[in-house]
Amino acid sequence: MASLAKELSAAAGAAFEAMGLEARFGEVRRSDKPELADFQCNGAMAAAKAAGRNPREIAGEIAAKLKAHALVLSAEVAGPGFINLRVSDAALSARAEAVRGDAMAGGEKAAAPERITLDFGGPNVAKPMHVGHLRSAVIGDTLQRLLKFLGDTVISDVHLGDWGLQMGHLVTELEDEQPGLIYFDAGYTGPYPAQSPVTIEDLGRLYPQASIKAKADEARNERSQKAVAEMQAGRAGYRALLRHFIDVSVEALKADYGFLNVSFDLWKGESDVDHLIPGLVERFKAAGLAEESDGAWIVHVAKESDKKEMPPVMLVNSRGGTGYHTTDLATIEDRMTALSPKPERMLYVVDQRQALHFEQVYRAAGLLGLIDESRLEHIGFGTVNGTDGKPFKTREGGVLRLADLQEMAVAEATKKIDAAGKLPEDMGPGERADVARKVAVAALRFSDLMNTRITNYVFDLDRFTSFEGKTGPYLLYAAVRVKSVLRKAAEAGHQPGAVAVTEDAERALVLQLDGFGAALLGAREKRMPHILCEHLYSLAQAFSAFYGALPIASEPDAAKRASRLALADAVRHQLETGLDLLGITVPERM
RNA sequence: GACUCCGUAGCUCAGCUGGAUAGAGCGCUCGCCUUCUAAGCGAGUGGUCGCAGGUUCAAAUCCUGCCGGGGUCACCA
């Protein structure tokens, strides 16, 4: 059974078509005047304009046809041509049961699913993740879950930053510390030890050390550049070290991502496509797309229609090296040739500040025919700011590490849980710690996701971890309370049964449940998770109102009790399904 | 300078493919636990939708200009 809104839209659309008007005018949505209607259709006014007719007249004819529909209780014309619809209690009851029994909790698959690669994360090897990586991780992972849920075939890739000057810095700095390592013997041909010569702590120390030296000393910087060139040329010892650096880093990265419930299908990096670069460059040259300029090879990607300046793609720099334009292009080629099934769309969840970079890369990819330019999408997002409106910094002015942020969030959640003192007495320390962790993750993920992706937001841990207001913890509380009611009822031998909606609070709750599918599809279409967040928050609110207004498990009438338990179970199902898409897990008790 | 994003309640933000008295959370003021988790619910308070024009029966929403803020603009990714 499709959503009520969809059924009504189809009916209204058919009515418009029968009048020789476009079906799209029949779009029916939740009424923004609950005291007047359950649903509304505004299409008559737009249709009247297009057809040169009287809007109220058209609305009247549509309303008359809709009155005959099985779901419809009443259809009235109001104002200049609004059609206000009420649906029957029976229709709402059936809808609630359908949601409860539906594997997608009332959602529906996308009409045209696609094969998509999702590029997000983008952490650098050897550099600890910081607060700036939070958004890409959380937004990317949520899109991954959402798209898969809606039927798309998604392959996610963390796209490690594991190629470039930083690797040169690491190699040379390590050589200075431990010159005797076998990796630095150019004459040695292997095999190399399986055990890494460095730990993640070593990497975290070596990189900044080298970076500082290189900035002050040009010769030191040159050494790193040279090491990179040799690595790119295939020097075995350096490649073996690179492998160790990546493996050691990935282990640490997985811990950070794991805390946030973020996962990837692929852990590939820039270094994995290095071998494709020479051929790619040659093809650009052969196609006449690349030209030499100031000793570099560039690709012009400007179009006549451009209103802005469009700098060229830097294919090969004047020192003969390649940068991230080229590795990104090589990555596109790799995905188009190595992945099965072959992707038909590629999404990049990366900071909005990279918008120009991606536009350049997409154009170049289109020019060479790697993939149609329109199939490449940059999903940009704003920065995480401090209360001063500037990118978030620690009190000391440094960049906040993601691991520290997580620790802070857990500490804050623990503090609030302890202060409230609401956890069950019999809950042991292990379960308490688990609850605190889930609250912290819910707080971090929800507060990030509920903001419109594109804008910056102010990071306020105290607010995010609050159980009051539009927060992750509030949603967890609501979900846990539903579960608690259902569990208690089951213990008393009361089971959910047939739904028979009668009360206003019940009607409002089912109408909210009905909007899940539209919220999911809207979030997918716009790549905007906050649309789903809004829906789930409203659902939690509607349930809380329902819970406050009517007895559920404690309702004495058996039929009403069974009906309300079924409603509660439908809410639990949709809430848990939706929160799971946000990467938020609900504890059994809290 | 060009391009781009943003400017909505005291604060943090939704709404923006035009539609009814502009919504939410926080804050503040009231009220509600001898029935299911009050980490909750209900009621109230609070807005010249940056400014000025334009299009339209209808503009927070579309167009133009201006003001204010963030961001980006070829060899670091």
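Using a 4.0 Å heavy-atom cutoff across all strands shown, A:Ala492 reaches no nucleic acid atom at all. Among the atoms of the strands shown, base atoms are found under 4.0 Å from some heavy atom of A:Leu423. Residue-level contact check: A:Val480 touches the bases, meaning some heavy atom is under 4.0 Å from a base atom. Across all strands shown, A:Asp351 has no heavy atoms under 4.0 Å from either base or sugar-phosphate atoms. Residue A:Met590 is classed as a base contact, given a heavy-atom separation below 4.0 Å to a base. Residue contacts shown for A:Lys307 are limited to sugar-phosphate atoms, with no base heavy atom under 4.0 Å away. Residue contacts shown for A:Glu35 include a base, since a base heavy atom lies under 4.0 Å away.
When only modelled atom types and interatomic distance are considered, A:His169 and A:Gln209 share no side-chain donor-acceptor pair under 3.5 Å. Under 3.5 Å, the side chains of A:Arg463 and A:Ser447 contain no donor-acceptor pair of N or O atoms. A side-chain donor-acceptor contact under 3.5 Å links A:Arg481 and A:Ser544. No side-chain donor-acceptor contact under 3.5 Å links A:Gln232 and A:Asp274. Looking at A:Asp38 and A:Ser31, their side chains never bring a donor and an acceptor atom within 3.5 Å of each other.
The nearest whole Å value for the distance from the CZ atom in A:Arg53 to the P atom in B:C57 is 19 Å. A straight line from CG of A:Asp448 to P of B:C13 spans 13 Å, rounded to a whole angstrom. Remark: P of B:C13 and CZ of A:Phe446 are 15 Å apart, rounded to the nearest angstrom. Computed from coordinates, the A:Glu270 CD to B:A77 C1' distance equals 7 Å when rounded to whole Å. Rounded to an integer number of Å, the gap from A:Lys303 NZ to B:C3 C1' is 15 Å. Taking atom CD of residue A:Gln40 and atom C1' of nucleotide B:G19, one finds them 9 Å apart after rounding to whole Å. For A:Phe381 and B:C6, the CZ to C1' distance is 17 Å, given to the nearest whole Å. One atom, CZ of A:Arg30, and another, P of B:A14, lie 21 Å apart when rounded to the nearest Å.
A gap of 14 Å separates the C1' atoms of B:C13 and B:G47, to the nearest Å. Rounded to whole Å, the separation between the C1' atoms of B:A22 and B:U61 comes to 11 Å. B:C63 sits 11 Å from B:C5 when the P atoms are compared, rounded to a whole Å. The gap from the C1' atom of B:G15 to that of B:A52 amounts to 24 Å, rounded to the nearest Å. Separation of the C1' atoms belonging to B:A9 and B:U56 is 29 Å when rounded to the nearest angstrom. The gap from the P atom of B:G46 to that of B:A24 amounts to 14 Å, rounded to the nearest Å. Distance check on atom P: B:U72 versus B:U55 gives 39 Å, rounded to whole Å. Taking the C1' atom of each, B:G10 and B:A2 are spaced 37 Å apart, rounded to whole Å.
Listed by chain and number, the residues in a side chain to side chain donor-acceptor pair (under 3.5 Å) with A:Arg572 are A:Asp569, A:Glu576 (sequence neighbours excluded). Applying the salt bridge (Lys or Arg N to Asp or Glu O under 4.0 Å) test to A:Glu22 and every residue at least two apart in sequence or in another chain returns A:Arg24. Residues that satisfy the side chain to side chain donor-acceptor pair (under 3.5 Å) test with A:His159, not counting sequence neighbours, are A:Asp328. A:Lys416 is linked by a salt bridge (Lys or Arg N to Asp or Glu O under 4.0 Å) to A:Glu412, A:Asp462, counting only residues two or more places apart in sequence or in another chain. Under the side chain to side chain donor-acceptor pair (under 3.5 Å) criterion, A:Arg29 pairs with no residue at all, not counting sequence neighbours. For A:Ala355, the side-chain contact (heavy atoms from CB on, under 4.5 Å) partners are A:Gln352, A:His378, not counting sequence neighbours. When the side chain to side chain donor-acceptor pair (under 3.5 Å) test is applied to A:Arg223, the partners found at least two apart in sequence or on another chain are A:Asp176.
Between the base of B:A20 and the side chain of A:Asn84 there is a donor-acceptor pair shorter than 3.5 Å.
A stacking contact links A:Phe82 to B:A20: the aromatic ring centre lies within less than 5.5 Å of the base's six-membered ring centre, and the planes differ by less than 30°.
Here the CG atom belonging to A:Leu8 is positioned 11.0 Å from the CD1 atom belonging to A:Ile83, to the nearest 0.5 angstrom.
Taking the centre of each ring, A:Tyr362 and A:Tyr348 come in below the 6.0 Å mark. Two rings, from A:Phe464 and A:Phe446, have their centers 6.0 Å or more apart. Ring pair A:Tyr477/A:Phe467: centre-to-centre distance not below 6.0 Å.
Ranked by how close their nearest RNA chain B nucleotide is to the 5' end, A:Ile531 and A:Ile417 are led by A:Ile531.
Applying the 90° cutoff around 0 to the glycosidic angle, B:C33 is assigned syn.
Helical stems of RNA chain B (runs of at least 3 Watson-Crick or G-U pairs, donor-acceptor distances under 3.5 Å) are listed by first residue: B:1-7 with B:67-73, B:10-13 with B:23-26, B:27-32 with B:40-45, B:50-54 with B:62-66.
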Where protein sits on nucleotides 58-76 of chain B, one letter per nucleotide: B base, S sugar-phosphate only, - none, heavy atoms under 4.0 Å: B-----------SSSSBB-
- line: Under a 4.0 Å heavy-atom criterion, the protein footprint on nucleotides 24-33 of chain B, written with B, S and -, is SSS-------
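Contact between the side-chain N/O atoms of A:Thr455 and the OP1/OP2 oxygens of B:C6 is not found at any separation under 4.0 Å.
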Please list, for nucleotides 34-36 of chain B, all pairs of protein and nucleotide N/O atoms separated by less than 3.5 Å.
unit_1, atom_1, unit_2, atom_2, d
B:U35, O2, A:Ser554, OG, 3.1
B:C36, O2, A:Ile552, N, 3.3
B:C36, O2, A:Ala553, N, 2.7
B:C36, O2, A:Ser554, N, 3.3
B:C36, N3, A:Ile552, N, 3.0
B:C36, N4, A:Tyr547, O, 2.6
B:C36, N4, A:Leu550, O, 2.8

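Closest contact between the side chain of A:Asp32 and the listed nucleotides B:U12, B:A20, B:A77 involves B:A20.
Counting only residues at least two apart or on different chains, the salt bridge (Lys or Arg N to Asp or Glu O under 4.0 Å) pairs with a member in residues 306-320 of chain A are A:Asp306-A:Arg363, A:Lys308-A:Glu359.
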